[in-house]
There are 2 protein chains.
Amino acid sequence: MHKEHPLTKNQQIIFDLIDKSPEPMKAYSILFSVQKKGIKAPLQVYRALDKLVEIGKIHKIESRNVFIACHNSSCQVSKATAFSICEICEKVTEISSTGLSKYLANFKDKDGMKYSKYNLEFFGLCKKCR
Amino acid sequence: MHKEHPLTKNQQIIFDLIDKSPEPMKAYSILFSVQKKGIKAPLQVYRALDKLVEIGKIHKIESRNVFIACHNSSCQVSKATAFSICEICEKVTEISSTGLSKYLANFKDKDGMKYSKYNLEFFGLCKKCR
DNA sequence: TTTAAATTGTTATAATATAACACCATGTAA
DNA sequence: TTACATGGTGTTATATTATAACAATTTAAA
Ligand SMILES: [Zn+2]
Ligand SMILES: [Zn+2]
Ligand SMILES: [Zn+2]
Ligand SMILES: [Zn+2]
């Protein structure tokens, strides 16, 4: 079991927004949405995002520069993430497959090196778009 | 077998630079390096990069916004890529493991969907840094 | 040769992210 | 209690990454 991090005010505001969003969010659209709550500057957003990523409450989709709430509690420990991304509508889904995560955690490169931390992004078409 | 793309002048200049670089390169450091060859504007660099990525001659490391020459000829067909990234020195190595690529190409998400296109970034410490 | 597609050159601007500094809250150790 | 360390906040300014829009040129087919 992982340790609970109590969120600070800014972190909570931004986490709630991302968590409720039906789509991954961009940093500046987060900024726009929270301006009425007194968060006015990009840095305030990025600092909260950094922390939320660090503690595993959200993930950054690196190929898209968007943020999504985690829906797989084991991420908060492992930093091992996998997503599918629709190339038409940009829908992102977090993948939680024990088989996949075991395979990747046990994968050894040609130097015999293992990696417990990774990020995998699958690209294709979602149900609706294909 | 894949079709050979003859590179245009700008594409060739930029590919050569990246290919010879011992490290992955950032777009604006590429721009700086090729200014003596007459490439003056960011767009000229980004257009060449886009094309080179599209035809699989280089890859973008999404978590770092850097570009690296491909060292795995099958990428030029598949768009299925995997890298290891050192979190200290930022050394990037392209992984070509038949086992890994087969596993990922055959992976099905819970809707039974397969993805032939993916990007995997492993994080850890390289030989020198650990 | 005509035409379509791709590439180039250029200026300007958008989108993403961090530096630097002052201040404040909270916990903890002397 | 006081000092100190740690982490969060607010703010201004700036750095970094990437694209829009438009005109001109080259290339490769039809
Ligand atoms: Zn997660
Ligand atoms: Zn879709
Ligand atoms: Zn490759
Ligand atoms: Zn290293």
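Remember, it's a predicted structure, so these values are computed and weren't measured experimentally. Proteins get letters first, then strands, A, B, ... in listed order; numbering begins at 1 in each.
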If only side-chain N and O atoms of B:Tyr46 are considered, is one of them under 4.0 Å from the OP1 or OP2 phosphate oxygen of D:dA18? yes
d(CG, B:Asp50; C1', C:dT7) in whole Å: 13 Å
In whole angstroms, how far is the P atom of D:dG8 from the NZ atom of A:Lys9? 14 Å
B:Ile14 to B:Val45 - nearest heavy-atom pair and separation: CD1-CA, 3.8 Å
On a heavy-atom basis, the closest approach of A:Val53 and A:Lys79 is O-NZ, 3.3 Å
Specify the residues of residues 28-35 of chain B, ordered by number, for which at least one heavy atom lies under 4.0 angstrom from an atom of DNA chain C. none
Is there a path of hydrophobic side-chain contacts, each under 4.5 Å between heavy atoms of I/L/V/M/F/W/Y residues, joining A:Phe107 to B:Phe123? no
Of the options B:Glu121, B:Glu23, B:Glu90, which is the one that meets B:Arg64 in a salt bridge (Lys or Arg N to Asp or Glu O under 4.0 Å)? B:Glu90
Mark yes when over 12 heavy atoms from residues, nucleotides or ligands other than B:Lys91 sit less than 6.0 Å from its NZ; otherwise mark no. no
Cluster link A:Met25 to A:Leu49, ILVMFWY, side chain under 4.5 Å: yes
Please tell me if B:Gln44 has a side-chain N or O lying less than 4.0 Å from either OP1 or OP2 of C:dT8. no
Please state how far atom CG in B:Leu43 lies from atom P in D:dA24, giving the value in whole angstrom units. 18 Å
Hey, which of these two, B:Gln11 or B:Lys40, hits DNA chain C nearer its 5' end, going by closest nucleotide? B:Gln11
Taking only side-chain nitrogens and oxygens of B:Asn65, does any of them come within less than 4.0 Å of OP1 or OP2 of D:dT16? no
Without decimals, in angstroms, what is the distance between B:Ile55 CD1 and C:dT7 C1'? 13 Å
Is there a continuous path of hydrophobic side-chain contacts, each under 4.5 Å between heavy atoms, that joins B:Ile95 to B:Ile85? no
On DNA chain D, more 5' by nearest nucleotide between B:Arg64 and A:Ala48 is A:Ala48
Find out if a path of hydrophobic residues (ILVMFWY) with successive side-chain heavy-atom gaps under 4.5 Å connects A:Tyr115 to B:Leu100. yes
When you look at A:Thr81 and A:Asn119, which way does the side-chain hydrogen bond (donor to acceptor under 3.5 Å, both in side chains) test go after all the steps? CA-CA 5 Å; A:Thr81 53; A:Asn119 181 57; 2.7 Å; yes
Separation of A:Lys37 atom NZ from D:dT9 atom C1', in whole Å? 18 Å
Between B:Thr8 and A:Pro42, which is nearer to the 5' end of DNA chain C once each is assigned its nearest nucleotide? B:Thr8
Taking donor-acceptor contacts at under 3.5 Å, does the side chain of A:Arg47 reach the base of D:dG7? no
Nearest whole Å is fine: how far is D:dA18 C1' from A:Lys26 NZ? 11 Å
Axis-to-axis angle between the two ends of the helix from C:dT1-D:dA30 to C:dA30-D:dT1 (five base pairs per end, rounded to 10 degrees): 40°
Between P on C:dA17 and CD1 on A:Ile14, what's the gap in Å once rounded to a whole number? 14 Å
Send over the distance from A:Leu49 CG to C:dT18 P, rounded to a whole Å. 10 Å
Grouping I, L, V, M, F, W and Y whenever their side-chain heavy atoms are under 4.5 Å apart, do A:Phe122 and A:Leu104 come out in a common cluster? yes
